[in-house]
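The structure appears below as structure tokens.
A, B, ... follow the sequence lines: proteins, then strands. Residue 1 opens every chain. Worth knowing before you read on, the calculation uses all heavy atoms, side chains too, and leaves out hydrogens, waters and symmetry mates.
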Number of protein chains: 2
Amino acid sequence: MTVPTIDDVAAAAGVSKATVSRVISGTFTHIRPETRRRVEEAIAALNYRPSAVARSLTSHRTNTVGMLVSDVANPFYGDVIHGVEDEGIAAGYNVLLANTNYDLDRGMALIRSLIDRRADGVLIMSSSGSDAWLRELAQAGMPAVVLDWAGRKSEQVSRIEVDFRPGIAEAAAHLLELGHKRFGHIAGPLTLRTSRDRRDAFLDALAEGGVARDRALVATGPLTIEGGREAWRLLREEARTPTALFCANDLMAIGALSAARSEGLRVPGDLSIIGLDDIWLAPQFDPPLTTVALPRYEIGKLAMRLLLKLLAGAAPERQVVVTSLVIRKSTGAP
Amino acid sequence: MTVPTIDDVAAAAGVSKATVSRVISGTFTHIRPETRRRVEEAIAALNYRPSAVARSLTSHRTNTVGMLVSDVANPFYGDVIHGVEDEGIAAGYNVLLANTNYDLDRGMALIRSLIDRRADGVLIMSSSGSDAWLRELAQAGMPAVVLDWAGRKSEQVSRIEVDFRPGIAEAAAHLLELGHKRFGHIAGPLTLRTSRDRRDAFLDALAEGGVARDRALVATGPLTIEGGREAWRLLREEARTPTALFCANDLMAIGALSAARSEGLRVPGDLSIIGLDDIWLAPQFDPPLTTVALPRYEIGKLAMRLLLKLLAGAAPERQVVVTSLVIRKSTGAP
DNA sequence: GGTCATTGTGAAACCGGTTTCAAATGATGC
DNA sequence: GCATCATTTGAAACCGGTTTCACAATGACC
């Protein structure tokens, strides 16, 4: 019971394979209704499905895009993949997913594999990447969309950048509006550019609201729950213990929250806390966490749309995705 | 600047394309070292990469496997995908990921798409599936591996089943050993088979330890944090409030824990809690959660291995994956 | 009734590889 | 010096589709 080919269908319908091809491709080329019927019956009878492999050979399109992520298990990517897929399916594309595991060499090997498979394009969503990847893709003539890392400018590459400033500015404004006077920030490791950016965005926004930069306390730690706990303990010892806290991500916010609570503080009564990311846990937490949300699903959709535009022959572009504040129950008046 | 083909290489090296093919395929067929060198130089000079599409056409293998999941954003799948990928990469396979979104029709469409693309096989890891999927795959002669849902028996299909009993039995034994006398269970919706299985496994294990089935309190709710909170409030009102609690998943355990704590109970001092799943949050929580762990990464690896065996011509098989207890800090003596 | 445009279909070339088959070359044995 | 055999290579067929080109049949028009 071997898989039927177009020749089998042609033989069964008593026509040439060219005719069968015309019927299935649906392009309008005057086919007698009677002939069309015979072909369609043969297709149904044999349960024939044209081979995308053979089609790709002549069409030079595989309707497949590669997607590189650092680590699928990272919850950030779940929603992004969702967006990519929904947008891709609608356009008839499939997604070849590949994990770099934060390893540049593995990433390069995956890129090569995508080139060999003649993917139509690549979405590079890994947290880091190398210019060598882009060079390899450029040589193969494969368009790409990269998320947020600053590689060298390159043809056929569109970029998505995430701007945290608007959301963080909203966060600061929200806290000021509630009447807070003593602010703290729990930052990630300051060796990371994103950690510095987030800190600066917060301090700048406060400054705009009339709070001098050196009036806000800053502690740092790893971007984990435990990191948030430890950082809070550092802030706690300062003279002007903050009543309002902005954390570099939701995990640290949760850590700080649980540490503060175990010291008897009430949230939001004694301490208001804002996170960043809007992970699935944020709305379920007690109290539901006010946070600066990243539109992950939309980033995925946008990335796929940008790639489709490149595939349609459009010029590369740069798009900025903005963040925004989601107000829940972890913030209130001091 | 078009992508070079094997003919370009042949012309550049001054040999026939058959010779080039022999050099790149590496199969031993007596090639003069001098000739080989010339071909390799031409390949390097042109940066030639053979098209996997063209190769697939003759070889009838795409070195691609499809993977159906209900929802990539569900943290369960992250680790599974990881396992599939690691095992797949090692064997030279790529993974076409597809989300069913819990929709059987969408799943069917995805299966058809995989058939059209001539994937070598399919991993069906979605929480549910239909026999029609398997029928379609069988007709196309595509082997499959399914995870844990009981479809009709079918040729060319291997199965992985997850057995929660060992881990749950360990959990019950652990609580008994700590000296607990009053037990509670927070179950998921009892319309789900898995919810009933987990409850029964727990009650059976307690019975084996000498605790009558009707001595343990059972409450149910949705499998969320909030569901856990609500279920705990129900148990709280019972006369013999439990000192030891086993929850159907980690989220409910976290919910129950936070509800109990907000009532002034200490965990594990006043109440011991065990979850199930071992989500990433479990070890980071305060206190780190004792839980029945599912070997997600191993499930992924196993699934891919089973598929590779099928592809190598082996007979379908059934493998059972067992769970085990991970003891952390949310359990202690009453 | 002949010319011409339109419709409907098949033969053959093509996409980029692999594989079969045959032929050319060189080495070996007697 | 010639038959024999192994090594090395190329021509051509093939994989399963799409597309071009040619041709036959039909209908419109004068």
message: Does C:dT9 have its OP1 or OP2 closer than 4.0 Å to a side-chain nitrogen or oxygen of A:Arg32?
response: yes
- request: Provide, to the nearest angstrom, the distance between the CD1 atom belonging to B:Ile31 and the C1' atom belonging to D:dT9.
  value: 9 Å
- request: Taking salt bridge (charged side-chain N to carboxylate O under 4.0 Å, His left out) as the test, write out the residues that go with A:Lys301, two or more places apart.
  value: A:Glu87
query: Who are the side-chain hydrogen bond (donor to acceptor under 3.5 Å, both in side chains) partners of B:Arg49, not counting sequence neighbours?
result: A:Asp116
- line: Expected string for nucleotides 15-29 of chain C under the B/S/- scheme (protein heavy atoms, under 4.0 Å, primed atoms plus P, OP1, OP2 as sugar-phosphate) is BBBBBB---------
task: Give the rounded distance in Å between these two atoms: CD of B:Glu34 and P of D:dT8.
output: 13 Å
message: Listing request: all salt bridge (Lys or Arg N to Asp or Glu O under 4.0 Å) pairs with a residue in residues 62-82 of chain A, at least two apart in sequence or in separate chains.
response: A:Asp79-A:Arg296
statement: Hits for side-chain hydrogen bond (donor to acceptor under 3.5 Å, both in side chains) against A:Thr58, two or more places apart or cross-chain, chain-then-number order -> none
- prompt: Which residues satisfy the side-chain hydrogen bond (donor to acceptor under 3.5 Å, both in side chains) test with B:Ser70, sequence neighbours excluded?
  reply: B:Tyr77, B:Ser127
- prompt: When we call it a touch if two heavy atoms are under 4.0 Å apart, what does A:Val15 touch: a base, just sugar-phosphate, or nothing?
  reply: sugar-phosphate
Expected list for residues 305-314 of chain A: side-chain donor-acceptor pairs under 3.5 angstrom, two or more places apart:
from: A:Lys309; atom 1: NZ; to: A:Glu317; atom 2: OE2; distance (Å): 2.8

- prompt: Between atom NE2 in A:His30 and atom P in C:dT7, what is the gap in whole Å?
  reply: 5 Å
- request: Using five pairs at either end of the helix from C:dG1-D:dC30 to C:dC30-D:dG1, determine the angle between the two local helix axes and round it to 10 degrees.
  value: 50°
message: Going by salt bridge (charged side-chain N to carboxylate O under 4.0 Å, His left out), name the residues that satisfy it together with A:Arg106, two or more places apart in sequence or in a different chain.
response: B:Glu85, B:Asp86
- line: One should read off an interatomic distance between A:Asn74 CG and A:Tyr102 OH, to the nearest 0.5 angstrom, of 5.0 Å
